[in-house]
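These notes concern the structure reproduced below.
Small disclaimer: the values here were computed from a predicted structure and weren't measured. In what follows, chains are A, B, ... by sequence order, proteins preceding strands, each numbered from 1. All values below were derived from every heavy atom in this structure, side-chain atoms included, with hydrogens, water molecules and symmetry-related copies excluded.
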Amino acid sequence: MNRRTALAMAVGAALLIPGCTGTGGSSKGADAKAPDDPSKVTGTIKVLTVRTDLVQDGTLKRYAAEFSKTYPKVKVEFEGITDYEAEVKIRMNTENYGDVLLIPAVIKKSDYPRFFASLGTQEERAKKYRFTDFTAVDGKVYGQSPVAVSPGFVYNKRIWKEAGVTEWPTTPAEFVADLKAIKAKTDAIPYYTNFSAGWPLSSWTSVDGAVTCDPKATDKLAEGDPWAKGADLRVGDQLLYDIVHEGLIEKDPTTSNWEESKPRTAKGEIATQWLGTWAIVQFQDAAKKAGVNPDDIGFMPFPAQTGGKFCATIAPDYNQAVNVHSPHKEAARAWIDWFTDKSGYVEDNLALSPLKDAPLPSVLKPYEDQGVKFIELDDAQGAKVKQIDNESEVGLYAPEYRQKLVDLARGARKGSLDDFLADLSKRWTDTQKNLGS
Amino acid sequence: MTDTTQKAAVEVIPAAPVPAPPTRRTRVRRGVTPWLFLVAPLALLITFTYAPIANMIAYSFTDWDGVSPELHSTGVENYREVFTRPDLFEVFWVSGYYLAASVVQIVLALYFATILSFNVRFRNFFKGVLFFPYLINGVAIGFVFLYFFQDGGTLDSVLSLFGVKTDHAWLGTPVSANTSLAGVSVWRYLGLNFVLFLGAIQSVPGELYEAAELDGANRWHQFRHIIAPGIKPVLALTVILSISGSLSVFEIPYIMTGGATGTETFVIQTVNLAFRFNKTGLASAAAVVLLLIILLVTWVQRRLVPDDKVDLV
């Protein structure tokens with residue numbers, strides 16, 4: 001091929017292609033109304049989900065079969081996506097991203113009306129559901145989470161008892177002392193970081209609010225310094241640092257294995273992990289499969305008390321939303337309502353319900369006994385926090401910064417914790433200033 | 001660490017000479033024919049190579065977050081940011097490990113290619129063994145080697161067979177982790193270099209060895225004076241591919257460590273910028289800069305080692 005022709009074609013292509021990338025926002029502001037008559041709703045809807053396990057073992061199909069008893073003319077199909085965030089983000093540049101999907105974290109709140117159909121006004125939905133402000137834009141709600149989660153430590157009760165600890169630790173120092181006792185008296189790994197999977201480390205960000213028992217913890221991230229002395233994140237990061245620094249973790253965190261950690265915790269080879277209420281059912285299943293007692297799996301709040309009480313935050317899991325381009329918005333809406341209110345998904349997962357009047361799951365009975373105070377985080381500044389996080393490249397919800405923290409604590413990286421956190425807070429507060437101006 | 005993108009190459013064989021002067025129609029047809037052959041490869045090349053590059057360059061001048069329908073032109077702001085942030089370039093030190101490993105890789109590949117180009121027992125079997133890793137999917141390799149380097153994993157148990165009791169976390173410190181990852185990279189790409197060298201060595205006419213042997217040359221002399229000059233162009237190509245490959249290492253560290261413990265490379269950093277922090281514009285600019293760096297390095301190498309014709313006979 002002639003070199004000049006090739007060049008001309010490449011340039012021609014270069015001029016043409018960027019023109020086709022914009023997505024139209026023509027259907028902006030559409031509503032997905034709840035159907036009046038279930039027997040009249042028709043259509044085949046595709047539901048995107050992160051629960052590939054439930055797609056594979058047919059659990060979701062059973063839900064769909066139950067759903068079609070009420071809505072006989074709606075057919076529900078599922079698509080489980082392993083790398084959900086990355087894949088759905090790219091698909092959302094087209095109109096083809098399922099009828100019902102989980103709102104990816106990357107979507108800016110202000111863009112919700114472009115991508116999703118509204119589920120109704122916040123005023124009306126807040127009567128029945130919690131967390132409506134997490135997806136509300138201009139008074140309209142765009143998503144509904146089927147379950148709520150509360151972060152905490154999944155632990156093996158038997159091992160903790162063997163180490164002589166029967167009461168939940170009430171301060172970070174006590175927690176570290178208990179882990180030391182576990183190391184001394186049992187064969188278990190006191191704390192498992194899941195360093196390699198990454199996300200279990202980033203979930204340490206969810207200590208925010210639990211330490212100082214402040215429902216406005218998110219606002220504090222937007223305005224203050226999250227790593228100031230006594231701030232929630234600093235307390236959490238200090239605890240993680242101490243645990244690692246004292247050698248209370250697995251021998252080689254870089255080759256840790258999440259799937260393997262579930263049966264190992266159930267069997268008592270691992271004593272503790274920082275996760276969330278959603279994990280309890282998975283660990284109990286792992287226990288059943290391994291032939292050990294599922295009741296050994298316990299759950300405890302962050303070791304900090306305010307006014308003599310533990311605090312546990314509750315927040316929505318992924319929110320389900322209706323694709324604004326969906327031709328079957330009524331059917332999609334029907335699925336979201338039914339899945340949240342009637343499917344039994346919450347009970348099956350021993351999870352907290354987003355319905356205001358629902359009871360606590362049985363696994364949180366000890367929480368009731370101890371009088372743990374549940375607080376719902378206010379998300380008024382959520383979008384701003386996300387913006388600061390991206391702009392400053394700190395990555396509160398990404399694993400890198402905590403991986404560096406763990407490396408620092410175990411001596412694979414040079415420096416001190418104070419300098420490390422000071423650098424983070426400098427980047428964070430500088431960005432706050434830049435965005436404010 | 002070298003990765004070659006296979007570009008479709010179509011060779012058009014000129015038609016046999018026609019005695020009568022061609023009519024206008026045949027001339028047009030003859031002009032069009034090569035293009036017909038080229039349609040498919042060109043369409044693929046443009047769709048999957050040039051269009052994405054053009055798109056990437058276009059994004060590098062915007063503040064796009066990767067999903068929002070709104071994007072604003074920011075001029076050269078992204079490039080200014082890339083060049084004024086030294087932390088973005090620090091990760092190139094990691095490439096040093098892979099560069100060192102590629103020296104080992106080329107030497108090994110050359111050694112095996114030379115040996116196996118002569119008559120050796122089980123020659124084809126060994127060729128297969130050496131080339132095999134290159135055929136495995138990179139993601140699978142990443143996972144396999146995670147188990148390999150695990151505490152008490154394959155490497156530790158093999159070492160203990162020889163009585164070496166290590167208590168070493170292979171991916172635990174930056175130096176050890178990068179060395180291990182570079183080792184995986186050598187394991188994976190050795191086969192490709194080996195096959196390139198083998199092909200080049202086998203294109204050297206056999207009589208030359210016979211003649212050399214009659215003159216009393218041993219294997220080393222043969223390598224030094226026949227093989228090495230004979231495969232010089234392929235050797236130069238391999239070096240270029242190794243260097244550009246070392247600068248753009250991605251999948252092995254991304255899958256095995258995710259860039260943790262000081263194994264972050266420039267491409268991992270770019271991917272994080274684009275997909276973690278939603279700075280697609282800035283990430284595109286970083287990618288363009290990497291492309292330019294690689295082009296520059298290649299150009300410098302071509303100037304240092306000119307691509308001269310090989311003339312053995």
Side-chain angles (χ1 to χ4, degrees), chain A residues 1 5-6 9-25 28 85-86 88-90 92-93 104-108 110-111 114-115 195-198 201 250-257 386 389-395 397-400 403-404 406-407 410-413, chain B residues 10 12 34-35 38 41-42 45-47 49-55 57-59 62 64-71 87 146-153 167-177 180 256-264 271-280 282:
Chain A
M1 164 173 44
T5 335
M9 290 183 80
V11 171
L15 292 176
L16 277 174
I17 304 295
C20 339
T21 36
T23 19
K28 184 178 171 178
E85 284 285 331
V88 173
K89 173 183 169 181
I90 291 161
M92 289 186 72
N93 284 300
V106 27
I107 308 294
K108 276 194 209 117
S110 54
D111 279 339
R114 287 180 203 269
F115 291 112
F195 181 94
S196 177
L201 279 176
E250 65 267 33
K251 199 169 110 203
D252 181 11
T254 49
T255 52
S256 58
N257 184 326
K386 238 197 267 177
D389 191 40
N390 284 337
E391 207 51 52
S392 63
E393 291 171 25
V394 165
Y397 308 100
E400 281 80 13
Q403 285 183 328
K404 284 180 187 157
V406 170
D407 278 349
R410 64 193 184 88
R413 192 185 161 87
Chain B
V10 172
V12 182
W35 287 102
L38 282 172
L42 270 184
L45 187 67
I46 289 172
T47 322
T49 307
Y50 293 107
I53 289 179
N55 242 352
I57 293 173
Y59 290 143
T62 68
W64 196 40
D65 67 358
V67 60
S68 171
E70 264 172 49
L71 68 173
D87 56 306
L146 266 184
Y147 285 101
F148 183 80
F149 287 121
Q150 214 171 34
D151 176 31
D167 201 25
H168 188 75
W170 296 101
L171 302 177
T173 62
V175 174
S176 155
S180 305
M256 291 183 61
T257 62
T261 323
T263 56
E264 194 177 53
V271 167
N272 279 347
L273 278 179
F275 294 99
R276 277 245 210 281
F277 305 116
N278 304 317
K279 294 184 174 175
T280 307
L282 181 63

Taking all atoms of both residues into account, what is the closest heavy-atom pair of Arg410(A) and Gly172(B), and its distance?
->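 Taking Arg410(A) first and Gly172(B) second, the nearest heavy atoms are NH2-O, 2.8 Å.
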Please name the pair of heavy atoms, one in Pro69(B) and one in Arg114(A), separated by the smallest distance, quoted to 0.1 Å.
->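 Minimum heavy-atom contact is CG-CD, 3.2 Å.
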Under 4.5 Å from any heavy atom of chain B, what part of [X] do you find: side chain, backbone, both or neither?
X         : result
Glu391(A) : both
Lys89(A)  : both
Val406(A) : neither
Glu400(A) : side chain
Asp389(A) : backbone

Going through the distances and angles, do Val394(A) and Phe277(B) end up as a side-chain contact (heavy atoms from CB on, under 4.5 Å)?
-> CA-CA 9 Å; Val394(A) 165; Phe277(B) 305 116; over 6 Å; no
Sidechain-backbone polar pair: Ser180(B) side chain, Leu171(B) backbone, donor-acceptor under 3.5 Å |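 Judged by distance alone, no pair lies under 3.5 Å.
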Winner by heavy-atom pair count (cut-off under 4.5 Å) against chain A, out of Thr261(B), Thr173(B), Leu146(B) =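 Greatest number of close heavy-atom pairs with chain A: Thr261(B).
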Based on non-hydrogen pairs under 4.5 Å, which of Gln150(B), Lys279(B), His168(B) is most in contact with chain A?
->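 Ranked by contacts with chain A, first place is Lys279(B).
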Check whether [X] gets within reach of chain A through its side chain, its backbone, both or neither, counting any heavy atom under 4.5 Å.
X         : result
Ile53(B)  : neither
Ala177(B) : neither
Leu282(B) : side chain

Would you say the side-chain atoms of Thr263(B) and Thr257(B) include a donor-acceptor pair closer than 3.5 Å?
->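 Short answer, yes.
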Modelled atom types, side-chain donor and acceptor of Ser68(B) and Asp65(B), under 3.5 Å =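 No, because no side-chain N or O of Ser68(B) sits under 3.5 Å from a partner of the opposite role on Asp65(B).
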Kindly write out the residues that satisfy side-chain contact (heavy atoms from CB on, under 4.5 Å) with Ala260(B), not counting sequence neighbours, or none if the list is empty.
->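 Here the qualifying residues are Phe195(A), Gln403(A).
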